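Computation of the quantities below employed the complete heavy-atom set of this structure, encompassing side-chain atoms and omitting hydrogens, waters and symmetry-equivalent molecules. Source: prediction; values computed, not measured.
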Amino acid sequence: MQHALLFSVFVVASCGLAYELIAAAQASYLLGDSVTQFSTVIGAYLFAMGIGSWLSRYVEEPLIARFIQVELLVGLLGGFSAVALFFVFAWAPAPFKLALYLAVLAVGVLVGLEIPLIMRILKSDLVFADLVSRVLTFDYLGALAVSILFPLVLVPQLGLLRSGLLFGLLNVGVALWTCGLFRTQLAAYRSLRAQGLAALAALLIAFAGAGALTAFGEAQLYSDEIVHAESTPYQRIVVTRWKDDLRLHLNNNLQFSSRDEYRYHEALVHPGLATLPHARHALVLGGGDGLAVREILKYPQIESVTLVDLDPAMTRLFASAPALRRLNQDALLSPKVKIVNADALQWLEENDQLFDFVVVDFPDPANFALGKLYTAAFYRLLDKHLAGDALAVIQATSPLYARRSFWCIVTTLESVGLVSTPYHALVPSFGEWGFVLAGRRPYRLPEAYPVDTRFLTPSATPALFVFPKDMARVEAEVNRLNSQVLVRYFEAEWRQVIR
């Protein structure tokens with residue numbers, strides 16, 4: 001019996017950590033700022049576990065029956081929490097944070113009850129020192145197993161909703177197993193077994209229908225038809241369509257609309273590349289949709305484009321889906337293009353190739369994982385890859401809605417010695433959007449665009465470099481790797497815009 005209960009410790013510890021990780025990951029997917037979400041969710045969860053451990057002293061006999069009931073409650077509440085929170089966010093985003101922390105506290109209290117109850121059940125069979133060491137050993141091993149499986153297997157293969165339901169099933173499985181092991185000691189065996197089978201059936205039905213639940217929930221979240229959705233180790237990718245408008249969303253944030261993305265990508269590429277007739281080798285960091293690459297390939301003198309994007313699912317999707325291939329004009333299938341799926345910062349550290357033109361097209365610095373790609377350390381690395389009179393262009397969020405964030409990026413580029421030239425363009429899906437050209441020489445406007453454009457003209461280009469009063473430069477700190485002030489600027493400014 002003691003071995004069975006110790007194995008139960010391994011399982012319940014795995015489940016307990018899994019619920020914690022699922023809640024934190026879901027909050028970061030939906031709310032952004034992953035460091036804040038993980039920190040606050042884990043802190044609240046551990047606090048709740050402490051409350052549960054303290055409350056365990058008031059749990060009275062029969063302990064085995066109480067342990068089974070706790071497991072059933074954990075399985076149901078923890079298993080369905082990700083599903084419930086997803087629908088709360090889709091239908092009524094305002095109370096999402098309240099619902100999140102109430103769920104975290106409730107699950108945490110129940111999880112905090114588990115280990116003390118098991119220790120009280122086992123205390124008659126083991127001396128105290130042996131009891132504590134064995135229980136904690138299995139507890140820590142369970143936590144280790146989930147911490148490895150969660151990012152590598154569970155999220156990519158099952159997604160957050162199915163992962164939550166899976167661990168709910170494991171908790172209910174422990175309850176039923178314990179019920180069977182101690183059936184001769186349980187006065188309410190049949191009642192507990194019936195409760196367990198009912199909870200098992202509910203979780204199995206939800207697990208089987210998790211795909212339909214996710215599709216239904218995302219249909220409420222996105223107003224347009226969802227034509228592609230997948231979870232990867234790095235992000236949630238959703239592509240929607242309304243008539244002829246395709247839209248890409250990463251972690252619930254709009255990345256482009258096919259109706260006006262040409263404005264963004266022309267503004268990103270051509271003001272810089274049109275001034276570099278000698279450019280032969282280009283580098284694109286981020287931009288896994290291939291749209292910046294499409295614009296670069298319009299220049300016949302370009303011999304090679306290296307695209308470095310972290311997520312292979314992104315580059316695979318935009319190299320295979322017919323509608324997306326039409327949008328990027330098969331840019332990712334060009335023999336001139338080399339695709340590398342790697343972290344851009346690490347890739348720059350490990351490679352010494354020089355480029356004539358570099359496009360830095362990362363998502364906005366909404367969290368510290370992205371914020372590191374806007375730091376002085378990153379821009380120093382970038383500088384080492386610029387050949388001679390090469391130029392780099394950086395997408396730099398909105399100078400209107402996130403004014404201090406925009407000028408923080410400019411200030412950070414200047415801090416590493418790069419001559420920086422900021423500009424902006426109107427993209428209807430986003431509003432005024434900002435870019436920064438950086439190099440070792442002063443920038444000069446192009447006299448003409450040698451390729452076809454839908455948005456840019458030589459006569460209209462000078463206006464892009466003029467900042468009206470409400471977007472004019474403001475003081476901002478340098479974004480350094482150890483502080484990442486940009487992420488705090490960004491979060492504070494966009495919080496005032498997005499309700």
Side-chain angles (χ1 to χ4, degrees), residues 255-307 318 327-332 334 336-337 355-362 382 386-399 406 409-410 413 418-467:
Q255 302 301 304
F256 71 73
S257 163
S258 62
R259 287 191 170 179
D260 57 22
E261 60 78 17
Y262 68 90
R263 277 180 159 256
Y264 173 93
H265 291 99
E266 286 185 8
L268 178 69
V269 171
H270 299 306
L273 190 51
T275 68
L276 302 171
H278 63 279
R280 298 293 181 270
H281 305 288
L283 171 66
V284 178
L285 302 174
D289 51 34
L291 299 174
V293 176
R294 177 196 67 198
E295 297 300 314
I296 294 171
L297 291 175
K298 290 180 178 180
Y299 292 78
Q301 76 269 21
I302 293 293
E303 296 174 2
S304 69
V305 181
T306 302
L307 170 65
F318 280 82
L327 189 61
N328 65 31
Q329 297 175 10
D330 278 340
L332 299 185
S334 168
K336 293 183 178 182
V337 176
F355 296 92
D356 305 306
F357 184 62
V358 180
V359 173
V360 183
D361 191 19
F362 298 128
L382 181 64
L386 297 180
D389 290 336
L391 284 174
V393 62
I394 295 92
Q395 92 80 11
T397 195
S398 171
F406 176 81
I409 294 170
V410 177
L413 284 162
L418 289 168
V419 179
S420 300
T421 307
Y423 63 106
H424 61 96
L426 177 63
V427 182
S429 293
F430 302 108
E432 288 289 343
W433 211 255
F435 310 88
V436 188
L437 283 161
R440 302 193 186 99
R441 59 174 175 80
Y443 171 74
R444 290 189 300 177
L445 292 170
E447 297 178 358
Y449 290 108
V451 298
D452 290 334
T453 58
R454 297 172 60 187
F455 165 53
L456 291 176
T457 64
S459 60
T461 298
L464 304 183
F465 293 82
V466 178
F467 285 81

Heavy-atom closest contact ([X] atom, [Y] atom, distance):
X	Y	result
V436	A396	CG2-CB, 3.9 Å
P446	P271	CD-O, 4.0 Å
F406	P422	CZ-CB, 3.6 Å
A282	I296	CB-CG2, 4.0 Å
A292	V269	O-CG2, 3.9 Å

*Is the ring centre of F357 less than 6.0 Å from the ring centre of Y299?*
no

Atom pair [atom1]/[atom2] of [X] and [Y] - distance to nearest 0.5 Å:
X	Y	atom1	atom2	value
R441	L391	CZ	CG	5.0 Å
L268	W433	CG	CH2	12.0 Å
F455	D260	CZ	CG	10.5 Å
N328	S334	CG	OG	10.5 Å
F355	T306	CZ	OG1	4.0 Å
L437	T275	CG	OG1	7.5 Å

_Given V393, V293, I394, the one that forms side chain to side chain contact (heavy atoms under 4.5 Å, CB included) with V359_ = V393

*Could you verify whether a donor N or O on one side chain and an acceptor N or O on the other, from Y264 and S429, lie under 3.5 Å apart?*
no

*Can you find a side-chain donor-acceptor pair between E266 and H270 that sits under 3.5 Å?*
no

Looking at side-chain heavy atoms only, is the closest gap between [X] and [Y] below 4.5 Å?
X	Y	result
E295	L273	no
L456	L464	yes
Y449	P458	yes
V419	Y443	no
L382	L285	yes
D289	L327	no

Please check: side-chain N/O of [X] versus main-chain N/O of [Y], any donor-acceptor pairing under 3.5 Å?
X	Y	answer
R440	D389	no
Q395	T397	yes
R280	D356	no
K336	I302	yes
S420	A438	no
Y423	A267	yes
R294	H265	no

*Tell me, with the steps shown, if D361 and L291 meet side chain to side chain contact (heavy atoms under 4.5 Å, CB included).*
CA-CA 10 Å; D361 191 19; L291 299 174; over 6 Å; no

_Heavy atoms from other residues, nucleotides or ligands near CZ of R444 exceed 12 (cutoff 6.0 Å)_ = no

